[in-house]
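Here's the structure, in structure tokens; my notes come after.
Below, each value reflects all heavy atoms present in this structure, side chains not excepted, and no hydrogens, waters or symmetry copies. As the structure is a prediction and not an experimental result, all values here were calculated from the model.
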Amino acid sequence: MTHNAPSQPDTTATESGTAALIPTSDSQQVHQPDSDTSSQKIEVRTVRSPWWEFFLHFSTFGIYTCFWLVARIKELKLLTNQPFKPWLWLFVPNFVVVQFFAFPALNKHLKKLETKFGINYSVNTFRLWAVAVISVTTLFWVTSKFAFPRWVDFIALIFWSGLFCTLSQRFNAIKQKCAQKYDNIQFKGKSSGYSWKEWLVIIPMFPIFLTIAIYSSVSPYLLEEIKPLPDHSIYASTESHYQLPIHGSGWREVEIGSFSDGEAELELAGKIEGSYFVVFKYTNQESLSGRVQDRIQMVETEEPSNRCREERRLTPNGINVITYVSCEGKSLGAPQLNTITIFEHGDELYELIGYISAPKYSFPEHAANFKQMAKEFQPL
């Protein structure tokens, strides 16, 4: 929707090439140039309900927020004639340290406009908003480095989107007052709904992202637990003749099929979401070396960044060989570990497959316990 005001003669430009905004025809007093506005037409985004903005912030996991803030700073630069560098604000939403300096500066210039137009906005409200944004941004950093339930990010993103919607309301109030007072403010875009480019983002991204967010948040709690396995205990199967020592808290036996195709002998879920151990038993129709190479090839095909190391040792009775393989790499920037442990017992092969991926600072501790469990898988 475009706001077309009655045409008025342009004011004389100042030496710097700028002049005051042009007052509307019903203004009784001529507005004097104050070097913070331009006599030329100023295009700003049409005032739009923050609810429309919310879905864009949420659906893009905050990527839209960065570009949205750049656009608002461009508008603020036009309305105040301050030497903002809008492109620098692209980094403000994602960097906590920068926010400590950027938000007070933003508030300072918004407050000047609000005072000029008689808009009442509490300083305490701004402080509360700034603390909330900085806290959520910090939380995003923490969850990227340490292991947290995935629903934490989901809830944090909802708050994040809402917080920038409240900032949108503040900008909207200023633009509305500015358009009422000056004739050379021109709105562009829709006052409700989305542009076709925005629809191209919303239509696929919102349902996909919402589905992924909900599923990843609740799926760990949907596993059917059979029994918990305390730290320093030993899971022993007298029927299948193997044992698996437990290291670390949070391990539990879950229903067969939780991580496999239903052919496993045993499935364990770890404290870190998505981590598991699965035990398979095969009739000894292929060599141990052949099975190991097939598994290594499978891991390296699925995750080309993984690098595998193989170790071999004798079983406690000194008769058979236990092969242990660890494959380490990264998945979506987070370190990950795949383990393969295989040994022969009579006419059967027993195989323990393990997987864990965790944020950078949580990974070492959990990976150490994980490797110890994999290495100690052996005949009963």
Review point. What's the spacing between S217 OG and I155 CD1 if we round to 0.5 Å?
Key: 7.5 Å
Point to revise | Side chain K111, main chain Y121, donor-acceptor under 3.5 Å | key: yes
Review point. Any Lys/Arg nitrogen of R295 or E351 sitting under 4.0 Å from an Asp/Glu carboxylate oxygen of the other?
Key: yes
Check your understanding: Taking atom types as modelled and ignoring hydrogens, do the side chains of E53 and Y64 form a donor-acceptor contact shorter than 3.5 angstrom?
Key -> yes
Review point. How long is the span from the CZ atom in R72 to the CD atom in E75, to the nearest 0.5 Å?
Key: 4.0 Å
Check your understanding: Which residues satisfy the side-chain contact (heavy atoms from CB on, under 4.5 Å) test with P220, sequence neighbours excluded?
Key -> E273
Check your understanding: Cation-pi between R312 and Y324: NZ/CZ under 6.0 Å from ring centre and within 45° of the ring axis?
Key -> no
**Study point:** Side-chain donor/acceptor of W129 to backbone N/O of L163, under 3.5 Å
**Key:** yes
Practice item. Check the surroundings of atom NZ in K360: do more than 12 heavy atoms from other residues, nucleotides or ligands lie under 6.0 Å from it? Key: no
Revision key, fill the gap. The reported gap from CZ in R307 to CD1 in I296 (rounded to nearest 0.5 angstrom) is 12.5 Å
Review point. Just by distance, do the side chain of S59 and the backbone of M205 share a donor-acceptor pair under 3.5 Å?
Key: no
**Study point:** Test salt bridge (charged side-chain N to carboxylate O under 4.0 Å, His left out) applied to E376 - qualifying residues, sequence neighbours left out
**Key:** none
**Study point:** Between T137 and Q99, a side-chain donor and acceptor under 3.5 Å
**Key:** yes
Return all side-chain donor-acceptor pairs below 3.5 angstrom for residues 228-236, not counting sequence neighbours, or 'none' if the list is empty.
residue	atom	partner	partner atom	Å
D231	OD1	G248	N	2.8
S233	OG	P230	O	2.5

Check your understanding: By salt bridge (charged side-chain N to carboxylate O under 4.0 Å, His left out), which residues pair with K281, not counting sequence neighbours?
Key -> E348
Check your understanding: Is there a donor-acceptor contact under 3.5 Å from the side chain of S168 to the main chain of F164?
Key -> no
Check your understanding: Pick from V325, N306, I356: which one makes a side chain to side chain contact (heavy atoms under 4.5 Å, CB included) with N338?
Key -> N306
**Study point:** Set of residues satisfying salt bridge (charged side-chain N to carboxylate O under 4.0 Å, His left out) with respect to E114, sequence neighbours excluded
**Key:** R170
Point to revise | salt_bridge(R252, E224) N-O dist < 4.0 Å | key: no
Exercise for review: Kindly say whether the aromatic ring centers of F84 and H109 come within a distance under 6.0 Å.
Suggested key: yes
Point to revise | Check: S357 side chain, Q336 main-chain N or O, donor-acceptor pair, under 3.5 Å | key: no
**Study point:** Ring geometry between F146 and Y361 (parallel below 30°, tilted from 30 to 60°, perpendicular above 60°)
**Key:** tilted
Review point. Got a second to check how far S260's OG is from F280's CZ, nearest 0.5 Å?
Key: 5.0 Å
Practice item. Measure the spacing between OH of Y194 and CZ of R48 and express it to the nearest 0.5 Å. Key: 6.5 Å
Review point. Going from CG on N320 to CZ on R313, what distance comes out if it is rounded to the nearest 0.5 angstrom?
Key: 12.0 Å
Point to revise | Single hit among W51, W68, W52, W160 for ring pair (Phe, Tyr, Trp, His ring centres under 6.0 Å) with H57 | key: W68
Check your understanding: What about F343 and F377, are their ring centers closer than 6.0 Å?
Key -> yes
Practice item. Please list all pairs passing the ring pair (Phe, Tyr, Trp, His ring centres under 6.0 Å) test where one or both residues lie in residues 254-275, with sequence neighbours left out. Key: F259-Y276
